[in-house]
There are 2 protein chains.
Amino acid sequence: MTIPKLLLVEDDPDLLEVLRLTLQREGYETVEARDGEEALRLARRHAPDLVVLDVMLPKLDGIEVCRQLRADRSLQHLVVLMLTARAEESDVVLGLGVGADDYVCKPARPRELAARVKALLRRARARDQPVGDQLLASGDLVVDLVRFEVRAGEERFDLTPTEFRLLQTMIASPGRVFRRAELLDYAVGVGVFVDERNIDTHVKSLRKKLGGRGSLIETVRGIGYRFSDHAA
Amino acid sequence: MTIPKLLLVEDDPDLLEVLRLTLQREGYETVEARDGEEALRLARRHAPDLVVLDVMLPKLDGIEVCRQLRADRSLQHLVVLMLTARAEESDVVLGLGVGADDYVCKPARPRELAARVKALLRRARARDQPVGDQLLASGDLVVDLVRFEVRAGEERFDLTPTEFRLLQTMIASPGRVFRRAELLDYAVGVGVFVDERNIDTHVKSLRKKLGGRGSLIETVRGIGYRFSDHAA
DNA sequence: GACTCCCTTCACGATTTCTTCATCTTGTGG
DNA sequence: CCACAAGATGAAGAAATCGTGAAGGGAGTC
């Protein structure tokens with residue numbers, strides 16, 4: 001559940017600025033390249049989740065960049081979003097032919113660009129994480145990711161989103177100790193700047209809602225918290 | 001649950017390549033035709049589940065191909081997905097007029113195309129099932145996919161298309177929580193870019209029309225919505 | 001062209017949730 | 001047993017989410 005990293009490839013400084021502002025506002029981390037060679041280099045160095053790739057580029061055009069990216073095994077999961085000049089249908093077909101996942105015509109409207117990036121990342125994530133571990137359980141406590149609810153026998157616990165993610169994170173690895181900083185990343189969000197003590201408050205509330213089972217969340221003094229793995 | 005077979009009809013070799021790559025990657029078996037006559041021949045020989053049909057074709061255009069396919073009793077269950085040039089509104093109207101099930105504007109975005117194909121096949125599968133399975137029900141609420149109406153006892157609810165799809169989607173998996181983004185894909189359309197909170201508005205209207213049963217659509221704060229599965 | 005229906009967006013208030021902070025309790029080492 | 005650090009607790013302000021009504025725009029109809 002980390003924050004998605006995007007590689008923006010665009011030679012026009014103004015356009016690049018627009019891309020950056022648009023996508024950073026959506027909470028993405030961005031890396032930027034101004035030509036094809038730099039794009040390839042940065043893609044390999046940073047392993048971004050998605051690359052926004054202009055077709056017209058100095059040194060190496062977008063088509064060629066895309067082809068080479070696709071040929072790189074270590075970038076198997078990279079999503080490529082092409083930026084093509086308006087009405088240049090041949091570019092689009094070429095781009096899709098070398099494996100681009102989607103395209104947006106320039107000038108790109110921020111709303112559409114952001115929406116497409118979001119949709120692409122969501123689908124990519126869904127693909128990489130096939131249906132399966134939709135149920136987490138330890139003892140008689142069950143975290144149901146499909147129904148977004150937590151049960152124990154007949155009893156149901158009404159948790160807030162943050163409490164839910166907190167429990168989900170810890171119960172996925174019973175016995176493992178999580179530092180507060182880790183829990184913040186998982187449950188609150190990466191890149192959100194809040195006090196680590198915040199976790200204490202959520203843990204407290206979570207324990208309270210879990211009633212007798214609240215003690216399954218153990219405090220590890222000086223480190224953080226963990227979900228008990230003592231056989232129930 | 002056999003592997004679906006698709007017939008791809010496209011005269012541009014590059015575009016055909018894109019179609020093939022996109023859909024084979026999704027696990028479909030494909031057959032290819034480059035003109036209208038070949039399309040008809042292969043459709044009859046291979047009896048595919050779905051045909052992706054370009055409108056502009058040599059010899060016999062897509063409209064005419066579609067018309068003839070529809071006239072063939074042995075291809076009753078064939079699903080037709082039209083590929084139309086961008087902004088050619090007239091093509092779309094014509095296509096749907098001769099019985100196409102859906103259309104995608106060229107150049108086709110892989111994800112969108114794949115999503116639509118998947119959705120169409122899912123719908124077709126449901127349609128071919130016995131009548132009983134074309135009724136979705138939970139409690140005394142019945143969603144009739146054949147008559148496109150929703151009933152509860154004697155009462156009939158008059159829903160808009162979007163409200164209908166929304167309800168259909170959720171009632172098909174009672175208890176499962178749907179994120180707004182998912183609901184947008186299912187109920188509004190893949191590749192349509194609208195505000196996620198648009199869903200809220202449709203839900204509100206749906207609840208209002210369902211009257212007392214509106215509460216069956218539950219809000220899962222911070223996540224999305226779901227259809228209740230609490231035993232009636 | 002006026003009208004209707006549907007979809008979409010927007011803004012406001014009500015409510016819930018998150019976060020911070022001050023205080024109290026507990027655990028630990030000396 | 002004390003002192004101190006770390007955690008637990010409760011309260012309250014800040015922020016986010018959701019429900020709602022209304023307005024605008026497009027497509028189709030009369």
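The chains referred to below are lettered A, B, ... by the order of the sequence lines, with proteins before strands, and numbering in each begins at 1. Since the structure is predicted, the reported quantities are computational estimates derived from the model, not experimental observations.
Among residues at least two apart or in separate chains, salt bridge (Lys or Arg N to Asp or Glu O under 4.0 Å) pairs with a member in residues 188-202 of chain B are Lys118(A)-Glu196(B), Arg180(B)-Asp200(B), Arg197(B)-Asp200(B).
Partners of Glu26(A) under the side-chain contact (heavy atoms from CB on, under 4.5 Å) rule, at least two apart in sequence or in another chain, are Tyr28(A), Ala114(A). In this structure, the salt bridge (Lys or Arg N to Asp or Glu O under 4.0 Å) partners of Glu163(A), at least two apart in sequence or on a different chain, are Lys209(A). Contacts of Thr162(B) classified as side-chain hydrogen bond (donor to acceptor under 3.5 Å, both in side chains), with partners at least two apart in sequence or in another chain: Arg165(B). With sequence neighbours excluded, the residues that form a salt bridge (Lys or Arg N to Asp or Glu O under 4.0 Å) with Arg116(A) are Asp102(A), Glu112(A). Taking the salt bridge (Lys or Arg N to Asp or Glu O under 4.0 Å) definition, one finds that Arg207(B) meets it with nothing, sequence neighbours left out. Taking Pro58(B) as the reference, Asp11(B), Asp35(B) meet the side-chain contact (heavy atoms from CB on, under 4.5 Å) condition, with sequence neighbours excluded. Checked against side-chain contact (heavy atoms from CB on, under 4.5 Å), Val31(A) has the following partners two or more places apart in sequence or in another chain: Lys5(A), Leu7(A), Leu42(A), His46(A). Partners of Arg176(B) according to the salt bridge (Lys or Arg N to Asp or Glu O under 4.0 Å) rule, which considers only residues two or more places apart in sequence or in another chain, are Glu182(B).
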Atom pairs, N/O to N/O, protein against nucleotides 12-17 of chain C, distance under 3.5 Å?
unit_1, atom_1, unit_2, atom_2, d
dT15(C), O2, Arg221(B), NH2, 3.4

Please list, for nucleotides 9-12 of chain D, all pairs of protein and nucleotide N/O atoms separated by less than 3.5 Å.
unit_1, atom_1, unit_2, atom_2, d
dG10(D), N7, Lys204(A), NZ, 3.4

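Protein atom CD1 of Ile217(B) is 12 Å distant from nucleotide atom P of dT20(D), rounded to whole Å. For the pair Asp195(B) CG and dA11(C) C1', the computed distance is 13 Å after rounding to whole Å. Between the P atom of dC18(D) and the CG atom of Asn198(B) lies a distance of 14 Å, rounded to the nearest Å. Here dA16(D) presents its P atom at 16 Å from CD of Glu196(B), a figure rounded to the nearest Å. Regarding Phe193(B), its CZ atom lies at a distance of 19 Å from the P atom of dC7(C), rounded to whole Å. To the nearest angstrom, C1' of dG19(D) lies 14 Å from CG of Leu206(B).
Take the nearest nucleotide of DNA chain D for Gly222(B) and for Val220(A): the residue whose nucleotide is more 5' is Val220(A).
Comparing dT8(C), dA8(D), dT19(C) by their closest approach to the side chain of Thr219(A) singles out dA8(D). Among dC18(C), dG19(D), dG7(D), the nucleotide with an atom closest to any side-chain atom of His202(A) is dC18(C).
One finds a side-chain N or O of Tyr225(A) lying less than 4.0 angstrom from the OP1 or OP2 phosphate oxygen of dA8(D).
Residue Arg25(B) qualifies as enclosed at atom CZ: its count of foreign heavy atoms under 6.0 Å is above 12.
Interface residues of residues 163-180 of chain B facing DNA chain C, ordered by number: none; criterion, heavy-atom separation under 4.0 Å.
Contact annotation for Val203(A): no contact, since no heavy-atom pair falls under 4.0 Å across all strands.
Taking CD of Glu218(B) as the start and CG of Leu216(B) as the end, the distance is 7.5 Å to the nearest 0.5 Å.
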